[in-house]
Structure formats: C-alpha cells, structure tokens
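I have placed the structure first, in the form of structure tokens, so that the comments after it can refer back to it.
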2 protein chains.
Amino acid sequence: MTDQPPLADAFSRWGSAGLDAGTCPIRNVLDRLGDKWTMLILVALAAGPCRFGALGRSLPDISKRMLTQTLRDLERDGLATRQVFPTRPPRVEYRLSPLGRSVLQPLSALVDWAECHDQAIRQARARFDAVPSQKTASQAE
Amino acid sequence: MTDQPPLADAFSRWGSAGLDAGTCPIRNVLDRLGDKWTMLILVALAAGPCRFGALGRSLPDISKRMLTQTLRDLERDGLATRQVFPTRPPRVEYRLSPLGRSVLQPLSALVDWAECHDQAIRQARARFDAVPSQKTASQAE
DNA sequence: CGGAATCCACCATGATACTG
DNA sequence: CAGTATCATGGTGGATTCCG
C-alpha cells in the first residue's frame, strides 16, 4: 500500500510508547517548531547572520521577551549560535548552525505543502462553518 | 548560494507581511500541527479508518475532550472525514481525506529529520545546561 | 543595544460528570 | 459508544520596567 508512509513506522515506535516530549523525538522537534515564533526566526536567520535588534524589526511585532527566549531555546538546542562583540554599544549576532540549516529543508517541504493547499483548507473550513450545527471552538465567531 | 532554500522565498511573502494565522498559510498549518495531539491522530489515522474509542485507546492518554476537539478541527479543515453508523450502540469512524493523506509526506520528512538529529539536539541541550549561567525557562529544573 | 526581571491576562488542556 | 457541559489550572506570551 503506497497509502502507508514510513511515518506510521516512526510513530509506531514513539506514538504508542511514551510520546511525551521527554522521550519522543517527534514531539521534541514539533513542540519547538510549533510555538509562535521559532520558525519565523529560523527563516529570518536563513537569510544570513542577523543582530538582535534587526531580527526584532524584521519580525512583525515580537516582543523582546519572546525574541530573547526563543533565540535562547534555539541556541540551547544547537540550532543557532550567538556571537557577542564587546563593543560599545554591545553588538550580538545570531546565525544558524549547520544543524539549524539542515532543518530548513524538511521545514521547506511543509511550507510548500501549506502554501499549496492553503486554499483547499480555507474552503473546507468555510464549508464546515456554514453548517450551524457544527461548532469547533476554534471558530472566529 | 545553496545555503538559501526556497523557504526564505515563501517567508518573504508571509513573514514580513502579516504572519498571523489568519493570513499566513504557514502559520495556518503549523499552528494546527504544532498542537499537542493533531499529528498523533494524523498518524494513527494513516494506518487506516478508525473508530473514536479505538483512536482514544491507541493514543497514550488523551482525554475524550481533546480527542473530540482535535478530530473536529481536522474534519473542519478537510483533513479527515467522519462517518456515523446509526447502529445501537452508535459507531463513528474517522478516516483521512485525500488532503489529509497528502500532508503525511511532508510531515514524514520532518519526522525523519527529528529522529535523525534527536541525539544531536539532546547533546547540545545537555552541553548548554551544563553552564549554570545559561538559563532558558524551558529547562526541566 | 541587548537583555533580565516582574506582573498579568488569556487560552489550551485536563478532570469530572452527565447524556442519547 | 460517542460524545457534551462545566469547572479548574498551568503554561505561553504580552507589557512594562530596570540594568550593564
């Protein structure tokens, strides 16, 4: 069956087992990518090294708090590196590590899918919402 | 530069612009995939049609509440379909739609990456945490 | 400039109990 | 069996303020 991708294979090892972020690699990754800013920063950094302030400005309206925290997490996981220049005023540059760059490819596949099927999803959603008996809690009101 | 994947391309259209889930396809997708249960259910369904109860049992310890809600969202987005058999007791089967099956492939790429680099990430994390001056708030304590 | 610290609001999720 | 309803809560993220 070509209907059954190797995905089910990987998940049979982790899904049924423990699946919490502590032991499951998939959750380990998706939990981070799934948060509000990580992938945005990943992509911003894909363009090349970037300073803290520039990063903040290139993103819509992230707070310094979240920018700092997300960058720290990326650094902690070895996806990005931080370089401090002891100048005055201070200057800090972030860049993707090789590991960080390697995630761009699979992430890219997902982004492609997203762009490609975005309309189909929105249409399905509109169709679903047109039936008043069906409610989801995630509906915009 | 082979360092610059088409990712940056897609993001230049959506990242700098509005990026909220309402207008950005990437967030539109990742917000759903990023939640706690969606991809687990996706994979469980990849194995074939499944009843509500069986789905619940095949997942670690999801509550009925979350199972229902996540399934509804998948149905709403057209990734899964719901079929009710008016028997006694009631029987409801869920299955992936063609659209739902199509996401398994890019998701697979990400899962592969996750499994492949899981150790590297954990090691980086351990190294980072070994330095007491560095704290992340996401550290286990 | 690049953070750290604090306070607070909200939303996602869990637990429990009830229903057709 | 397959949900719905209600309540409780913990974590995520925003705003603000202070520091080197």
Side-chain angles (χ1 to χ4, degrees), chain A residues 19-22 27 30-41 49-76 80-95 133-141, chain B residues 19-21 27 30-41 49-76 80-95 132-141:
Chain A
L19 103 327
D20 58 4
R27 288 216 61 85
L30 271 252
D31 277 357
R32 190 155 309 283
L33 261 44
D35 73 16
K36 202 170 180 181
W37 302 109
T38 297
M39 58 176 185
L40 275 325
I41 294 182
C50 197
R51 297 182 56 176
F52 183 87
L55 222 39
R57 262 169 274 115
S58 77
L59 294 164
D61 57 344
I62 189 173
S63 65
K64 287 197 294 185
R65 186 189 192 290
M66 278 302 105
L67 183 53
T68 300
Q69 179 173 313
T70 309
L71 283 169
R72 277 277 189 282
D73 284 334
L74 286 175
E75 193 193 353
R76 184 163 104 103
T81 61
R82 188 181 115 115
Q83 187 175 10
V84 182
F85 299 86
T87 60
R88 177 64 216 183
R91 167 200 178 115
V92 179
E93 261 189 20
Y94 293 88
R95 69 188 63 210
S133 57
Q134 299 170 315
K135 291 293 173 182
T136 320
S138 40
Q139 291 181 35
E141 133 94 33
Chain B
L19 104 325
D20 58 3
R27 289 215 60 86
L30 271 251
D31 278 358
R32 190 156 308 283
L33 260 45
D35 74 17
K36 202 170 181 180
W37 301 110
T38 297
M39 59 178 186
L40 275 325
I41 294 182
C50 196
R51 297 182 57 175
F52 183 87
L55 222 37
R57 261 169 276 116
S58 77
L59 293 165
D61 57 343
I62 190 173
S63 65
K64 286 195 293 186
R65 187 189 190 293
M66 278 301 104
L67 183 54
T68 301
Q69 180 174 315
T70 308
L71 282 169
R72 278 277 189 282
D73 284 334
L74 287 175
E75 192 192 354
R76 182 163 106 101
T81 62
R82 187 181 116 115
Q83 187 176 10
V84 182
F85 299 86
T87 59
R88 174 65 218 180
R91 168 199 177 115
V92 179
E93 259 189 21
Y94 293 89
R95 68 188 63 208
S133 57
Q134 298 170 315
K135 291 293 173 183
T136 320
S138 38
Q139 291 181 34
E141 136 92 32

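In what follows, every chain begins at residue 1, and chains take the letters A, B, ... in the order their sequences are listed.
- For B:R95, the side chain to side chain contact (heavy atoms under 4.5 Å, CB included) partners are B:P49, B:T81, B:Q83, B:E93, not counting sequence neighbours.
- Remark on the helix from C:dC1-D:dG20 to C:dG20-D:dC1: inter-end axis angle 40°, axes from five-pair C1' superpositions, rounded to 10°.
- If you measure from atom CD1 of A:I62 to atom P of D:dT16, you get 17 Å, rounded to the nearest angstrom.
- For A:R65 against C:dT6, a side-chain N or O and a base N or O form a donor-acceptor pair under 3.5 Å.
- B:F52 and B:K64 get closest at one heavy-atom pair: CZ-O, 4.1 Å.
- B:D35 CG to B:L30 CG: the interatomic distance, rounded to the nearest 0.5 Å, is 11.0 Å.
- The CD-C1' distance, from B:Q69 to D:dT6, rounds to 14 Å in whole Å.
- Rounded to whole Å, atom C1' of D:dG3 lies 17 Å from atom CD of B:E93.
- The side chain of A:R88 contributes no N or O atom lying less than 4.0 Å from OP1 or OP2 of C:dC1.
- OP1 and OP2 of C:dG2 both lie 4.0 Å or more from every side-chain N or O belonging to A:R72.
- B:T70 is not listed as a side-chain neighbour of B:K36, based on a closest heavy-atom distance of 4.5 Å or more.
- Comparing C:dT13, D:dG3, C:dG3 against the side chain of B:K64 picks out D:dG3 as the nearest.
- With rounding to the nearest 0.5 Å, the separation of CG in B:L55 from CG in B:L71 is 5.5 Å.
- Contact of A:K36 with D:dG13 (side chain to base): no donor-acceptor pair of N or O atoms is detected under 3.5 Å.
- Within the nucleic acid shown, B:F85 has no heavy atom closer than 4.0 Å to any nucleic acid atom.
- We find that CH2 of A:W37 is positioned 10 Å from C1' of D:dG14, with the value rounded to whole Å.
- The side chain of B:P90 has D:dC1 as its nearest neighbour among D:dC1, C:dG14, C:dT13.
- To the nearest angstrom, C1' of D:dG11 lies 14 Å from CG of A:D73.
- In this structure the side chain of A:D73 reaches within 4.5 angstrom of the side chain of A:Q69, judged on heavy atoms.
- Here the P atom of nucleotide D:dG13 and the CG atom of A:L59 are 14 Å apart, to the nearest Å.
- With rounding to the nearest 0.5 angstrom, the CE atom of B:M66 is 9.0 Å from the OG1 atom of B:T68.
- B:M66 has its CE atom 18 Å from the P atom of D:dA2, to the nearest Å.
- In this structure, A:L71 atom CG and D:dG13 atom P are separated by 14 Å, rounded to whole Å.
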